[in-house]
Amino acid sequence: MKRVLISGLAMVLSAAVPVMAQAVAAQTGAPQASAPQAKVPAAPAPQKNAVKAPEATTFPAVNPKNFTATSPTVGEVNGFLKAIWGFDASRKWEVAAILKTQAPGVAKVVVLISDARQQGKTMQTVFFTTPDGKHAIADNVIDFGPTPFADARKTLQERADGPAQGAKSNDLLLVEFADLQCEHCRDAQEKMGNLAEDFPQARIVFEDYPLTASHPYSREAALDGVCVRKTKGDAAFFSYAQAVYAKQAGLTAESAEETLKAAETAAGADPAAVAACAATPEAKEAIDATIKLGEDLGVYQTPMIDVNGHLLALESIPYETLKRIVAFQAEQDGVKVHLQPTLTTLQ
C-alpha cells in the first residue's frame with residue numbers, strides 16, 4: 001500500500017487550503033462546483049454600556065441540491081475529517097457539497113472551514129473520493145474514511161523494526177524517518193526527546209532514511225548505524241546517532257571516515273568490527289528495507305514522523321501542536337495518555 005501525505009488536509013492551519021480547490025480542478029479537469037460562499041452576518045449595533053461579544057463565524061445553510069452523489073455520505077466525510085483535524089478544537093467545518101462528476105463513481109467533496117483564532121474568516125477546500133470509497137485525491141492520494149490511518153498503522157507495527165526506545169508495546173508507535181546527515185533531522189531531535197518525556201506510553205522507533213542525492217555520506221552513516229546496533233544494541237545506536245549529529249559538519253570527503261569512527265567509539269562499538277559488518281549484504285538489505293518502508297508509507301522528505309499511521313512533516317509542526325496530534329491519535333486508537341504541561345518552548 002502506497003500512501004502520500006496531503007499537506008493541504010493534514011497540516012495544521014495550512015495556508016494552502018483556499019487555493020487547493022483550484023489546483024485540484026486544474027490537475028484533474030473536473031468541473032468546479034458552484035459551492036456556496038460563507039458570509040459573516042452583520043453584528044447588531046452595540047447597546048449602551050454593553051460588552052461586545054467576540055465575532056463568531058457561521059456557515060451558510062446547506063443546499064440539498066449540492067448533494068448529488070450517493071457515496072460518500074456526509075457522515076463518512078465528517079469521520080474522515082475528524083480523524084485528520086479532530087485534535088484541533090479551534091477548527092470547525094461544514095460539508096457543503098458531495099457532487100457527482102463525469103468520472104463514474106468519483107465524487108467531489110466541498111468543505112467549508114473556519115478557525116476560532118481567525119474570527120470571521122471562512123475557507124474552502126475540495127477533494128475527490130474514489131469509487132471504492134477507500135481513497136481521497138487532492139494534490140495527492142491518501143486513504144479515506146473514519147480510520148484513514150489504520151492500514152498504515154498495521155504496516156508500521158509489522159515492519160518498523162529499527163532501533164527503539166520507550167515502551168515495549170507498540171500500541172502507540174511513533175516512527176521517525178530521518179537522515180544522519182540531514183541538518184533538519186539533527187535539529188528535530190529536541191522534539192523527539194520531548195516526545196519521549198511527554199509520552200512514556202509510546203514506543204519510539206528510528207528508521208534511517210538516507211537521501212543520498214543531497215547527503216552523500218548518509219548511507220555510509222546508516223550502514224554503520226545498523227552495525228553499531230547489531231553489535232551493541234539499541235541504546236548504543238542512539239548514542240551513535242547523537243554523536244554523528246553532534247559532529248555532522250565532519251561528514252565531508254576529507255573527514256567522514258574519522259567522524260563516523262569517532263561516533264562508533266563514543267557508542268562503545270569497535271570501528272573495525274563495524275566496518276566489516278557494514279560491508280555485508282545483510283547490512284545493505286536492512287537499509288534497503290527501511291527505505292522501502294518509507295516509500296510505501298509516503299515518506300517524501302526528512303525528518304518525518306509517523307504517529308500510529310498518521311504521517312507528518314516533523315520540522316514544520318510546532319511542538320505543542322505535535323503533542324496534541326499524538327494525544328488525539330492515541331485516543332482514537334484506544335491508548336490512554338496523561339499529558340503534562342510542557343516547560344520548554346519549541347519552534
*Step by step, would you call Tyr319 with Leu195 a side chain to side chain contact (heavy atoms under 4.5 Å, CB included)?*
CA-CA 9 Å; Tyr319 182 70; Leu195 286 175; 3.8 Å; yes
*So Asp88 and Asp115, side chain to side chain contact (heavy atoms under 4.5 Å, CB included) or not? Walk me through it.*
CA-CA 9 Å; Asp88 187 354; Asp115 191 288; 4.2 Å; yes
*asked:* Please determine whether side chain to side chain contact (heavy atoms under 4.5 Å, CB included) holds for the pair Val126 and Lys108, giving the CA-CA distance in whole Å, both sets of side-chain angles, and the decisive distance to 0.1 Å.
replied: CA-CA 7 Å; Val126 172; Lys108 179 177 183 177; 3.6 Å; yes
*Please step through side chain to side chain contact (heavy atoms under 4.5 Å, CB included) for the pair Trp93 and Val77, ending with a clear verdict.*
CA-CA 11 Å; Trp93 65 83; Val77 173; over 6 Å; no
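One finds the NZ atom of Lys247 at 13.5 Å from the CG atom of Leu260 (value rounded to the nearest 0.5 Å). The line from CZ of Phe328 to NZ of Lys82 is 6.0 Å long, rounded to the nearest 0.5 Å. Taken from CD in Gln301 to NE2 in His184, the straight-line distance is 8.5 Å, to the nearest 0.5 Å. Here NZ of Lys284 is found 7.5 Å from CG of Leu223. Values are rounded to the nearest 0.5 Å. Atom CD of residue Glu94 and atom CG of residue Leu112 lie 7.5 Å apart, to the nearest 0.5 angstrom. How far CG of Asp333 is from OG1 of Thr147: 9.0 Å, rounded to the nearest 0.5 Å.
Between Asp198 and Lys191 there is no salt bridge, since none of the side-chain N atoms of the basic residue sits less than 4.0 Å from a carboxylate O of the acidic one. A salt bridge links Asp296 with Lys292: the distance from a Lys NZ or Arg NE/NH1/NH2 to an Asp or Glu carboxylate oxygen falls below 4.0 Å. Between Asp143 and Lys134, none of the side-chain N atoms (NZ, or NE/NH1/NH2) sits under 4.0 Å from a carboxylate O, so this pair counts as no salt bridge.
Distance alone, capped at 3.5 Å, places no donor-acceptor pair between the Thr280 side chain and the Ala276 backbone. A donor-acceptor pair is defined here as one N or O able to donate and one able to accept, closer than 3.5 Å; such a pair exists between the side chain of Asp234 and the backbone of Ala164. Between the side chain of Arg203 and the backbone N or O of Ser169, no donor-acceptor pair lies under 3.5 Å. Between the side chain of Gln181 and the main chain of Gln248, no donor-acceptor pair closer than 3.5 Å is present. A donor-acceptor pair is defined here as one N or O able to donate and one able to accept, closer than 3.5 Å; such a pair exists between the side chain of Asn308 and the backbone of Asp171. In this structure, Tyr240 contributes its side chain and Ala221 its backbone to a donor-acceptor pair below 3.5 Å. Side-chain atoms of Glu207 come within 3.5 Å of backbone atoms of Asp161 as a donor-acceptor pair (strictly under, hydrogens ignored).
Of all heavy-atom pairs between His215 and Ser218, the closest is O-OG, 2.7 Å. The minimum heavy-atom distance linking Val175 with Ala160 is given by the pair CG2-CB, 4.0 Å. In this structure, Tyr209 and Ile291 approach most closely via the heavy-atom pair CE1-O, 3.5 Å. Of all heavy-atom pairs between Ala313 and Ser316, the closest is O-OG, 3.2 Å. Pairing each heavy atom of Thr70 with each of Thr73, the nearest pair is O-CG2, 4.3 Å. Nearest approach of Pro303 to Cys185, heavy atoms of both residues: N-SG, 3.6 Å.
There is a path of hydrophobic side-chain contacts, each under 4.5 Å, that joins Met304 to Leu297. With hydrophobic clusters built from ILVMFWY side chains whose heavy atoms lie under 4.5 angstrom apart, Phe238 does not share a cluster with Phe177. Put simply, Val244 and Ile287 are part of two different groups of oily side chains (I, L, V, M, F, W, Y) that touch within less than 4.5 Å, one to the next. In the hydrophobic clustering of this structure, Trp85 groups with Ile142; members are Ile, Leu, Val, Met, Phe, Trp, Tyr whose side-chain heavy atoms approach within less than 4.5 Å, directly or through other members. Follow the hydrophobic side-chain contacts under 4.5 Å out from Ile305 and you reach Val326 in the same cluster.
Looking at Leu251 and Glu220, their side chains never come closer than 4.5 Å, going by heavy atoms from C-beta outward. In this structure the side chain of Val74 reaches within 4.5 angstrom of the side chain of Asn78, judged on heavy atoms. Using a 4.5 Å heavy-atom cutoff, the side chains of Phe127 and Val111 are in contact. Between Ile84 and Phe149 there is a side-chain heavy-atom pair separated by less than 4.5 Å. The shortest side-chain heavy-atom distance between Asp306 and Leu173 does not fall under the 4.5 Å cut-off. In this structure the side chain of Val337 reaches within 4.5 angstrom of the side chain of Leu172, judged on heavy atoms. At least one side-chain heavy atom of Phe199 sits less than 4.5 Å from a side-chain heavy atom of Lys323.
In Gln201, the CD atom is crowded: over 12 heavy atoms of neighbouring residues, nucleotides or ligands sit closer than 6.0 Å. Remark: Glu183 CD is loosely packed, at most 12 non-hydrogen atoms of other residues, nucleotides or ligands lying under 6.0 Å away.
Residues Glu176 and Gln189 bring a donor and an acceptor atom of their side chains to less than 3.5 Å of each other.
Here salt bridge (Lys or Arg N to Asp or Glu O under 4.0 Å) pairs that include residues 250-270, with residues two or more places apart or in two chains, are Glu257-Lys261.
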